[in-house]
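Written out below as structure tokens is the structure these notes cover.
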Amino acid sequence: MAHTDQTMRRVLRREIAGTIGLLTDEHDFRAMRRYRTFAFDDHTAYLEQVEDLLRTRASQGTHTTVALFDPEEYAAFCAATGIDPDTPASRTRFTAELAATGPAVPYEGQPLTDLLPELIDEAVRQATRAYATHLLARLGTCATCGEDIGHAAFARASHLLLRILDTAPPGTRHLVCSVSGAPETLLSALHATEDTEGVTELDETDALEFTTVLALGLATHSPGGLVMRTTAPGTPDRVYGWRLRGYGLKPLTAGEVFDAYCTDVESGDLISPESNVDYCEPPDLGDEHPGPGHHHH
């Protein structure tokens, strides 16, 4: 057994370039087994080997990024670049490409069982962002004023997000925006914290995605909503929100927020409200001006 372990490790090491392309599920793993040079035959054992390797690299002070390896994208990449998919070198080349563009998370010593959902979340976020961006870009220019509708909506969404963060009580804010429209509902979450000076800190990539989803909702006048929960020491959490209406946001009443929060999205069943949470009306965003070109988009 020791012998095969060493061989496996050598095989793995040859396939790695600072980034590991991880086959997250059984289905993807099976798809790779059609390549003769892919040396693994059991997904669970493969995951254990990868985890071992990550730990070893970390203990040697080597930084590793774990990227989502998608066999279909890999096959397409090999076809497009004219390389043979059945070689470790091709897999390494694709993985290096993934490091730059694909969904990836840094390995920080967490168990693979924690890292996998993170990686899949990241993939979903990236797909949401790409999809929303694509839909926004397709809206074209406004027939009456010639303005790029997607750009205008993005500027409008950025303005609204800033107002929401500016008017929020101090503390940690967690925002969720959902836009239900054709062909599917898009969800985006954003986490914002405040430093000691009261400066808001947020992840730029998440903020970009959140703004894009909100912009899409505004531009297409889709039904949707935005709910925020703020948490600060010594006070109850506050929950309030808006529904997307026209080119802006219409405050939800405390009752509507309560309903939104206390209904199970999947089943429609009521969930009991949490204690120590205030369901309240949002502060005034002071936003009477709906932004450029709103009368005809």
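Here the structure is a predicted model, which means the values were calculated and not measured. Throughout, numbering of the chain's residues begins at 1 and tracks the sequence.
Counting non-hydrogen atoms of other residues, nucleotides and ligands closer than 6.0 Å to NE2 of His43 gives a total above 12. The environment of CD in Glu72 is sparse: at most 12 heavy-atom neighbours from other residues, nucleotides or ligands sit within 6.0 Å.
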Carefully, step by step, assess Phe94 and Phe69 under the rule ring pair (Phe, Tyr, Trp, His ring centres under 6.0 Å).
CA-CA 9 Å; Phe94 176 65; Phe69 194 107; 5.0 Å; yes

Please step through side-chain contact (heavy atoms from CB on, under 4.5 Å) for the pair Leu160 and Leu218, ending with a clear verdict.
CA-CA 11 Å; Leu160 287 168; Leu218 295 172; 3.9 Å; yes

As a quick check of understanding, evaluate side-chain contact (heavy atoms from CB on, under 4.5 Å) for Arg173 and Thr200, giving each step before the final call.
CA-CA 9 Å; Arg173 301 77 181 267; Thr200 299; 3.7 Å; yes

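Applying side chain to side chain contact (heavy atoms under 4.5 Å, CB included) to Arg93 and the options Leu98, Thr81, Thr87 leaves one that passes, Thr81. Screening Thr211, Thr212, Leu208 for a side chain to side chain contact (heavy atoms under 4.5 Å, CB included) with Ser158, the sole residue that qualifies is Thr211.
Atom-to-atom distance recorded for Thr24:OG1 and Leu119:CG is 6.5 Å, nearest 0.5 angstrom. The CG atom of Asp86 sits 3.5 Å away from atom OG1 of Thr37, with the distance rounded to the nearest 0.5 Å.
The same ILVMFWY cluster, assembled from side-chain heavy atoms under 4.5 Å apart, contains both Leu136 and Ile149. Tracing side-chain contacts under 4.5 Å through hydrophobic residues (I, L, V, M, F, W, Y), one reaches Leu226 starting from Leu202; they form part of the same cluster. Note on Leu187 and Tyr131: separate hydrophobic clusters, where clusters join Ile, Leu, Val, Met, Phe, Trp and Tyr whose side-chain heavy atoms are under 4.5 Å apart, directly or indirectly.
In terms of heavy-atom proximity, Gly241 sits nearest to Pro282 at O-CG, 3.5 Å. The two atoms that bring Arg163 and Leu285 nearest to each other are NE-O, 2.7 Å, heavy atoms only. Minimum interatomic distance between Gly18 and Arg57 (heavy atoms only, all atoms of both residues): CA-NH2, 3.5 Å. Of all heavy-atom pairs spanning Ile20 and Thr95, the tightest one is C-CG2, 4.0 Å. The two residues Met32 and Leu23 make their nearest non-hydrogen contact at CG-CD2, 3.5 Å. Minimum interatomic distance between Asp203 and Leu190 (heavy atoms only, all atoms of both residues): O-CD1, 4.3 Å.
In this pair, Phe38 and Tyr46 present their aromatic rings tilted. The plane angle is within the 30 to 60° band. Classified by interplanar angle (parallel below 30°, tilted 30° to 60°, perpendicular above 60°), the ring pair His221/Tyr247 is tilted.
Using modelled atom types, one side-chain atom of Arg34 and one backbone atom of Ala31 make a donor-acceptor pair closer than 3.5 Å. With Arg229 contributing its side chain and Val227 its backbone, the two residues share no donor-acceptor pair below 3.5 Å. Under the 3.5 Å distance criterion, the side-chain polar atoms of Ser180 are matched with a main-chain donor or acceptor of Pro223.
For the residue pair Arg125/Thr205, the side-chain donor-acceptor check at 3.5 Å is not satisfied. In this structure, a donor-acceptor pair under 3.5 Å is absent between the side chains of Asp84 and Ser90.
Salt bridge status for Arg55 with Glu51: present, with a side-chain N to carboxylate O gap under 4.0 Å.
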